[in-house]
Amino acid sequence: MSTFLPELESAWRQGIPLVAAMGVEIAGYSEGELVLRAPLAPNINVHGTGFAGSLYAICTLAGWGALWLQMRARGRDAHIVLSESQIDYRRAVEESIVCRCRFDADTQAPNLAQLERTGSGLFPLTATIDSGGRGAVRFEGEYAVKLRVEPSAAPSTVTPSS
């Protein structure tokens with residue numbers, strides 16, 4: 001799975017300019033858990049702590065990325081969008097931002113089955129950020145996934161003779 005990490009970072013850097021501005025990097029991936037890191041400095045608010053918009057953005061990316069990696073590992077190419085979310089800012093983030101999102105294949109099994117049956121599905125994921133060893137941010141997002149279908153060969157056209 002780690003072979004897909006450079007591809008994921010490249011997709012973000014090419015398609016989402018905010019990722020580079022925030023300094024988001026993949027810090028690790030293991031057993032379905034994607035860990036993202038971003039320095040505090042470009043993501044700071046007027047209080048000297050993590051800007052809520054940056055925290056939201058990195059959580060969104062963590063969920064999207066964890067799901068994207070799962071699709072790649074399954075040999076699937078898919079459109080993935082965040083369809084609904086809720087975020088709780090529980091305490092200030094006063095250090096480098098580290099966001100974690102785990103894709104649990106056992107929990108997601110019904111959603112994966114639906115995706116294979118219908119070509120689309122919804123996947124709820126949770127991302128978290130700690131600060132000072134305590135929970136600072138909890139993000140719950142629901143991602144809509146639609147499999148991309150390889151275009152089939154165009155049917156040959158038969159022209160009626162006159």
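On a predicted model such as this, the values are computed, not experimentally measured, just so you know.
- Taking CH2 of Trp68 as the start and CH2 of Trp12 as the end, the distance is 9.0 Å to the nearest 0.5 Å.
- Atoms CG and CD1, from Asp130 and Ile97 in turn, are 12.5 Å apart once rounded to the nearest 0.5 Å.
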Pair Ile26-Leu34, side chain to side chain contact (heavy atoms under 4.5 Å, CB included): steps then yes or no: CA-CA 8 Å; Ile26 296 174; Leu34 179 62; 3.9 Å; yes
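- Under the 3.5 Å distance criterion, the side-chain polar atoms of Ser131 are left unmatched by any main-chain donor or acceptor of Ala136.
- Considering only residues two or more places apart in sequence or on other chains, Glu31 meets the side chain to side chain donor-acceptor pair (under 3.5 Å) condition with none of them.
- Using a 3.5 Å distance cut-off with no hydrogens or angles, the side chains of Gln108 and Asp106 do not pair a donor with an acceptor.
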Verdict with reasoning, Asn111 to Val145, per side chain to side chain contact (heavy atoms under 4.5 Å, CB included): CA-CA 10 Å; Asn111 303 325; Val145 178; over 6 Å; no
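- Val81 has its side chain out of reach of Lys146: every pair of non-hydrogen atoms, C-beta onward, lies at least 4.5 Å apart.
- Listed by first and then second residue, the side-chain hydrogen bond (donor to acceptor under 3.5 Å, both in side chains) pairs that reach into residues 56-66 are Tyr56-Ser85, sequence neighbours excluded.
- Taking Arg100 as the reference, Glu33 meet the salt bridge (charged side-chain N to carboxylate O under 4.0 Å, His left out) condition, with sequence neighbours excluded.
- Remark: Glu25 pairs with no residue by the salt bridge (charged side-chain N to carboxylate O under 4.0 Å, His left out) rule, at least two apart or across chains.
- Val35 belongs to a hydrophobic cluster with Val98, counting contacts under 4.5 Å between side-chain heavy atoms of Ile, Leu, Val, Met, Phe, Trp and Tyr, direct or through other members.
- The CG atom of Leu69 sits 8.0 Å away from atom CZ of Phe4, with the distance rounded to the nearest 0.5 Å.
- Here the SG-CD1 distance, from Cys101 to Ile129, works out to 11.0 Å after rounding to the nearest 0.5 Å.
- Remark: Arg138 pairs with Glu140 by the side chain to side chain donor-acceptor pair (under 3.5 Å) rule, at least two apart or across chains.
- Under the 4.5 Å side-chain criterion, counting only non-hydrogen atoms from C-beta, Phe123 is not in contact with Ile80.
- Ser30 is linked by a side chain to side chain donor-acceptor pair (under 3.5 Å) to nothing, counting only residues two or more places apart in sequence or in another chain.
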Test log, rule side chain to side chain contact (heavy atoms under 4.5 Å, CB included), inputs Leu147 and Ser120: CA-CA 6 Å; Leu147 294 178; Ser120 62; over 6 Å; no
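- If you chain together hydrophobic residues whose side chains sit under 4.5 Å apart, Leu18 and Phe51 never meet in one group.
- For Glu7, the salt bridge (charged side-chain N to carboxylate O under 4.0 Å, His left out) partners at least two apart in sequence or on another chain are Arg72.
- Distance check: Gln70 CD to Leu125 CG gives 9.0 Å after rounding to the nearest 0.5 Å.
- Here the closest non-hydrogen pair linking Tyr143 and Cys59 is OH-O, 3.8 Å.
- Minimum heavy-atom separation, Met71 to Leu115: SD-CD2, 3.6 Å.
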Using distance only, find each side-chain donor-acceptor pair of residues 36-47 under 3.5 Å and give its atom names and separation, not counting sequence neighbours.
| residue | atom | partner | partner atom | Å |
| --- | --- | --- | --- | --- |
| Asn43 | OD1 | Ser54 | OG | 3.0 |
| Asn43 | ND2 | Met22 | O | 2.9 |
| Asn43 | ND2 | Pro39 | O | 2.8 |
| Asn45 | OD1 | His47 | N | 2.8 |
| Asn45 | OD1 | Gly48 | N | 3.1 |
| Asn45 | OD1 | Thr49 | N | 3.1 |
| Asn45 | OD1 | Thr49 | OG1 | 3.3 |
| Asn45 | ND2 | Thr49 | OG1 | 3.1 |
| Asn45 | ND2 | Gly50 | O | 3.3 |

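- Within the 3.5 Å criterion, the main-chain N or O of Gly132 finds a donor-acceptor partner in the side chain of Glu95.
- Panel note: side chain Ser10, backbone Pro6; no donor-acceptor pair is recorded below 3.5 Å.
- Taken to the nearest 0.5 Å, the OG atom of Ser83 stands 5.5 Å off from the CG atom of Leu122.
- Among residues two or more places apart in sequence or in another chain, the side chain to side chain donor-acceptor pair (under 3.5 Å) test is passed with Thr128 by none.
- Heavy atoms from other residues, nucleotides or ligands lying under 6.0 Å from CD of Glu142 number more than 12.
- Annotation: salt bridge (Lys or Arg N to Asp or Glu O under 4.0 Å) contacts involving residues 113-125, sequence neighbours excluded, comprise Arg76-Glu116.
- Identified under the ring pair (Phe, Tyr, Trp, His ring centres under 6.0 Å) test for residues 72-109, with sequence neighbours left out: none.
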